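Owing to the predicted nature of the structure, the values given are computational and were not obtained by experimental measurement. In what follows, every chain begins at residue 1, and chains take the letters A, B, ... in the order their sequences are listed.
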There are 2 protein chains.
Amino acid sequence: MKKIDILKKLRSSGLRPTKQRVEIAKFLFEREKTFHFTVESLNKLLTKKSASKIALATIYNTVHAFKTAGHLSEVEVRGNKTYFDTNVSNHHHFYDSDTSELIDIDSNDIIIQKIPKAPNGKKIKNVEVFINLIN
Amino acid sequence: MKKIDILKKLRSSGLRPTKQRVEIAKFLFEREKTFHFTVESLNKLLTKKSASKIALATIYNTVHAFKTAGHLSEVEVRGNKTYFDTNVSNHHHFYDSDTSELIDIDSNDIIIQKIPKAPNGKKIKNVEVFINLIN
DNA sequence: TTTCACTTTAGAATAATTATAAACTATAAA
DNA sequence: TTTATAGTTTATAATTATTCTAAAGTGAAA
């Protein structure tokens with residue numbers, strides 16, 4: 001994803017392309033493969049990579065802004081930290097609690113044959129499958 | 001579950017049946033239906049119910065001891081708090097993020113037809129399905 | 001009974017996240 | 001091109017969930 005597209009991406013979702021947002025967006029979206037991270041890990045990687053220090057609060061703000069805009073998804077995983085995923089399409093995850101690592105599973109690689117209906121007046125928003133791994 | 005069984009349950013898993021553990025165990029296991037809770041909600045309910053106050057740290061200790069003993073399961077759910085479940089059999093969940101409520105789904109009510117194989121040297125521990133609800 | 005390893009407890013410590021409020025800045029309008 | 005302002009960043013404080021600590025308490029084996 002090129003810089004011009006990054007700017008478009010931000011502007012089209014009503015986010016001013018500030019220096020910090022552009023830097024974070026470039027880091028997150030200028031890559032081929034899906035990227036999973038926590039705010040803590042992202043902070044470390046950004047600190048390492050760039051000269052200008054971005055405040056931790058800004059990273060929280062930005063990640064949540066990107067999530068709200070649909071540019072990131074939040075992954076439900078046991079544990080204390082919240083994981084985010086640059087893959088925003090509908091998909092599933094392996095979770096390796098040993099290394100705290102998430103691995104994407106394409107939604108076509110899991111087929112669910114039978115599913116219960118939603119309770120009383122509720123609708124099904126989505127179905128998430130976690131395959132927990134062990135050594 | 002009767003008191004004598006509570007005592008057996010504790011002793012058989014190497015847990016001394018102290019006043020606090022028995023009280024918590026009675027509260028959790030003397031019921032027909034599955035019970036989902038967080039440490040916070042359990043603390044509130046116990047405080048309301050009983051005269052003698054149990055320290056929050058004891059509730060944490062006890063819940064984890066019960067989990068280690070296999071009397072409770074921990075549920076992976078988005079959010080900051082950790083949920084526990086008195087249903088320790090293999091099963092799935094509806095999750096209503098609106099009310100932060102979990103509802104059990106019997107493992108027979110979901111049939112998964114196709115599943116990817118585990119990556120490089122890892123094995124599949126278990127598969128958990130979350131059906132997220134919306135109004 | 002006595003003893004001691006196991007427990008409980010209050011409160012401190014830690015860790016992740018959110019709130020606050022002042023300084024800064026992108027951008028729309030003059 | 002300046003100006004005004006709403007949106008943004010920042011350091012720091014506050015909050016929340018959880019774990020740690022160390023002292024006091026207690027089941028149960030001998």
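- Put simply, CZ on B:R11 is 14 Å from C1' on C:dC6, counting in whole angstrom units.
- Projected onto DNA chain D by closest heavy-atom contact, B:E40 and B:K19 fall at different nucleotides, the more 5' of which corresponds to B:E40.
- Between A:H64 atom NE2 and C:dA19 atom C1' there is a gap of 14 Å when expressed in whole angstrom units.
- Counting non-hydrogen atoms of neighbouring residues, nucleotides and ligands closer than 6.0 angstrom, the NZ atom of B:K33 reaches no more than 12 such neighbours.
- Of the listed nucleotides (C:dT8, C:dT7, C:dA26), C:dA26 has the atom at the smallest distance from the side chain of A:T18.
- With rounding to whole Å, A:L10 atom CG is found 10 Å from C:dT27 atom P.
- Judged by distance alone, the side chains of B:K123 and A:N135 never bring a donor and an acceptor atom under 3.5 Å apart.
- Spacing between atom CG of B:L56 and atom P of C:dA12 amounts to 15 Å, rounded to whole angstrom units.
- When the nucleotides D:dA11, C:dT8, D:dA28 are ranked by their closest atom to the side chain of B:P17, D:dA28 comes out on top.
- Across C:dT7, C:dT27, C:dG11, the shortest atom-to-atom separation from the side chain of B:R21 is found for C:dT7.
- OP1 or OP2 of C:dT17 sits under 4.0 Å from a side-chain N or O of A:T82.
- There is a side-chain donor-acceptor pair under 3.5 Å between A:H36 and A:D104.
- The distance between atom CG of A:N43 and atom P of D:dT9, rounded to the nearest whole Å, is 14 Å.
- Taking atom NZ of A:K81 as the reference point, atom P of C:dT17 lies 8 Å away to the nearest angstrom.
- Here C:dT17 presents its P atom at 12 Å from CG of A:L42, a figure rounded to the nearest Å.
- Between D:dA17, D:dT18, D:dT10, one nucleotide has an atom nearer to the side chain of A:I54 than all others, and that is D:dT10.
- You'll find that the side chain of B:Y60 is closest to D:dA17, out of C:dT9, D:dA17, C:dA19.
- Residue B:R16 is the one, among B:K53 and B:R16, whose nearest nucleotide of DNA chain C lies closer to the 5' end (criterion: closest heavy atom).
- For A:N61, counting side-chain heavy atoms from C-beta on, the closest listed nucleotide (D:dT19, C:dT8, D:dT9) is D:dT9.
- Residue B:T58 is in base contact, counting any heavy-atom pair closer than 4.0 Å across all strands shown.
- If you take OH of A:Y83 and C1' of C:dT17, they are 16 Å apart, rounded to a whole angstrom.
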* Could you give me the CA-CA distance, side-chain angles and deciding distance for A:F37 and A:F27, then say whether side chain to side chain contact (heavy atoms under 4.5 Å, CB included) is met? => CA-CA 12 Å; A:F37 62 95; A:F27 185 80; over 6 Å; no
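- Taking both residues in full, the closest heavy atoms of A:G70 and A:V88 are given as O-CG1, 3.4 Å, listed atom of the first, atom of the second, then distance.
- Proximity note for B:Q20 (side chain, C-beta onward) versus C:dT8, C:dA10, D:dA11: the nearest is C:dT8.
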